[in-house]
> 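Handing you a structure now.
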Amino acid sequence: MGGINMETVFVKQIFRNPDLYMNKEVELSGWIRTIRDSKKFGFIELNDGTFFKNLQIVIDDSLDNFTEVVKLNISSAITVQGELVESPGAKQPFELKAKQIVIEGPAAADYPLQKKRHTFEYLRTIAHLRPRTNTFSAVFRIRSLAAYAVHKFFQERGFVHVHTPIITSSDCEGAGEMFRVSTLDLDNLKRNPDGSVDFSEDFFGKDAKLTVSGQLAAETYALAFRNVYTFGPTFRAENSNTPRHAAEFWMLEPEMAFADLNDNMDVAEAMLKYLINYCIENAPEEMEFFNKFIDRELMARLDNVVNSDFRRITYTEAIDILKKSKHDFKYPVEWGCDLQTEHERYISEKVFHQPVFVINYPKEIKAFYMRLNDDQKTVAAMDLLVPGVGEIIGGSQREERYDYLVKRMEELGLDQEEYWWYLETRKYGTNKHAGYGLGFERAIMYITGLSNIRDVISFPRTVRSAEF
RNA sequence: UCCUCGGUAGCUCAAUGGUAGAGCAUUCGGCUGUUAACCGAAGGGUUGCUGGUUCGAGUCCAGCCCGGGGAGCCA
């Protein structure tokens, strides 16, 4: 366009290897982040999307379209040709002396983003524009890197990535309220003689839902590939309105055959450290930004996580610690009760100041598939509690013994017919196996310091909110 | 779902029950090295919605809607 026929360079290339481009002509394209002008010259900070930082463009009235350029609003798209030179300014090492600017797409005057700080609440109302801000530029590049690091970590260890179904045919998992998937005409529902809805004419011929977990399906593949993981969208129709819950989120669920709870924790700990290291190494500018503007203790906390062994305590020990703390909890602490948020935070934030695995919970407060311990009272479950975010990982060794599993399902009144395929895996070559689920957004929150899950999902879906 | 705080210009926020304000943004003008540039001027309002109290409501009361935080549920 506009007669510029040089090869376009990315801002990231310039920042990573400035000597290669110094005093040479380059062409860039991107969006104006800020623009300042005087009578005969001005400055544009250009962001081309490839890099967190902007490149300063120096413009003056030698440009044939100088008067049009200085009137451009923030977020206008331009292509610039010019020479990269050392900058006399203190805030940037180099800058581009523009020789030609092509206006690709001007931004209208009512562009809603200013060059000053906005509240996260406001930015959520313009989720289609917020990736153009510093914070969201950083968050979503980190999210992309972390997702890649997930695959890298597991693939390097020989895990097989299984795409488990998004649509599930039965209410198997029991992990939360589910969204129904149906093509039935809601205005004209056919009913069975007992008054219930007749799903026989629905798309799947039965009541179908969106998945709340890929675990049970992942288990079947672990018992063929040994080590597998599933990583994808997950849906919960819970009416929870908190900064840590969304109706649609991503969950990572590794599952390992011939593995026990300790193996499970080893992998979870190594994985979390790997994700953090990968982000620090591959997005240093973004991490520096979070540390400066979002959470001043972020890097110190992450360094501590990466360089220390996670604590591992039993549920019973956790109860003892809470009881002896003399701390006045709103919810009284008794063996057998589930740990409340205030208890989890006390343990991770006040006692250990680092991630803590809590294991071996009473069977009554955990899912049916968790392996019964020899004490007959607890199950081989694990929760990883981290300061600031709370529960980030939940997992367990699975009950591999057919009789124990059936007995537990009977106690909880679960329909064995619904789980026929799951039970069969315990008939044909069963073995000890374990796995866990990582709430991907919670991991991103932990790595970036962001405190609301709605700010680490591109277009968040929450209760009464599915705009965009 | 419960508790709590809030909703005023495009944004961030002021305003004893008595004329609706500022900064930034926008538009126009000025300025020869800016860094959220600076200086001057102008335009910009159904104070979330409905009803009530009052001579008079942004302000007080009731209901509803929307948002933040906390709790529960969980990842």
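Order of the sequence lines sets the chain letters (A, B, ...), proteins ahead of strands, with each chain counted from 1.
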> ring-ring contact (aromatic ring centres under 6.0 Å, His included) for F94(A) and F15(A)? Distances and angles first, verdict last.
CA-CA 9 Å; F94(A) 41 77; F15(A) 271 87; 5.0 Å; yes
> Would you sketch RNA chain B in dot-bracket for me? Only Watson-Crick or G-U wobble pairs with both distances under 3.5 Å count, crossing pairs as [ ], other-strand pairs as |, the rest as dots.
(((((((..((((....[..)))).(((((.......))))).....(((((..]....))))))))))))....
> Return each pair, listed once, that meets salt bridge (charged side-chain N to carboxylate O under 4.0 Å, His left out) where at least one residue sits in residues 45-73 of chain A; pairs must be two or more places apart or across chains.
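Found R36(A)-E45(A), D60(A)-K97(A).
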> Filter on ring-ring contact (aromatic ring centres under 6.0 Å, His included), then keep only pairs touching residues 448-468 of chain A, sequence neighbours left out; what's left?
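Output for this query lists H128(A)-F468(A), F459(A)-F468(A).
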> Check salt bridge (Lys or Arg N to Asp or Glu O under 4.0 Å) between R408(A) and all other residues, then give those that pass, not counting sequence neighbours.
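If we apply the salt bridge (Lys or Arg N to Asp or Glu O under 4.0 Å) test to R408(A), skipping adjacent residues, the hits are E411(A).
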> Under 4.0 Å from any atom of RNA chain B, heavy atoms only: list the residues of residues 112-121 of chain A that qualify, in numerical order.
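Hits under 4.0 Å, by residue number: Q114(A), K115(A), K116(A), R117(A), H118(A), T119(A), E121(A).
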> Round to a whole Å and report the spacing from CZ of R124(A) to P of rC11(B).
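My rounded result for the distance is 16 Å.
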> For RNA chain B, which residues of residues 42-55 of chain A approach it to below 4.0 angstrom with any heavy atom?
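Hits under 4.0 Å, by residue number: F43(A).
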> Does rC39(B) have OP1 or OP2 under 4.0 Å away from a side-chain N or O of K39(A)?
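No, no such contact exists.
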> Can you name the residues that form a side-chain hydrogen bond (donor to acceptor under 3.5 Å, both in side chains) with T425(A), not counting sequence neighbours?
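side-chain hydrogen bond (donor to acceptor under 3.5 Å, both in side chains) check on T425(A) returns nothing, list empty.
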> Protein within reach of the bases, or only the backbone? For nucleotides 1-7 of chain B, mark each nucleotide 5' to 3' as B, S or -, using heavy atoms under 4.0 Å.
B------
> Please list all pairs meeting salt bridge (charged side-chain N to carboxylate O under 4.0 Å, His left out) that have one or both residues in residues 110-136 of chain A, counting only residues at least two apart or in different chains.
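Qualifying pairs: R124(A)-D455(A), R130(A)-D455(A).
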> Between D61(A) (CG) and rU34(B) (P), how many Å, whole number?
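Value for this atom pair: 18 Å.
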> Can you sort out the partners of K12(A) under salt bridge (Lys or Arg N to Asp or Glu O under 4.0 Å), two or more places apart, ordered by chain and number?
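If we apply the salt bridge (Lys or Arg N to Asp or Glu O under 4.0 Å) test to K12(A), skipping adjacent residues, there are no hits.
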> With sequence neighbours excluded, what pairs up with K323(A) under the salt bridge (Lys or Arg N to Asp or Glu O under 4.0 Å) test?
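K323(A) satisfies salt bridge (Lys or Arg N to Asp or Glu O under 4.0 Å) with E334(A) only.
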> Test of understanding: with salt bridge (Lys or Arg N to Asp or Glu O under 4.0 Å), list the residues that count as partners of D37(A), not counting sequence neighbours.
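Counting only residues at least two positions away or on another chain, D37(A) forms no salt bridge (Lys or Arg N to Asp or Glu O under 4.0 Å).
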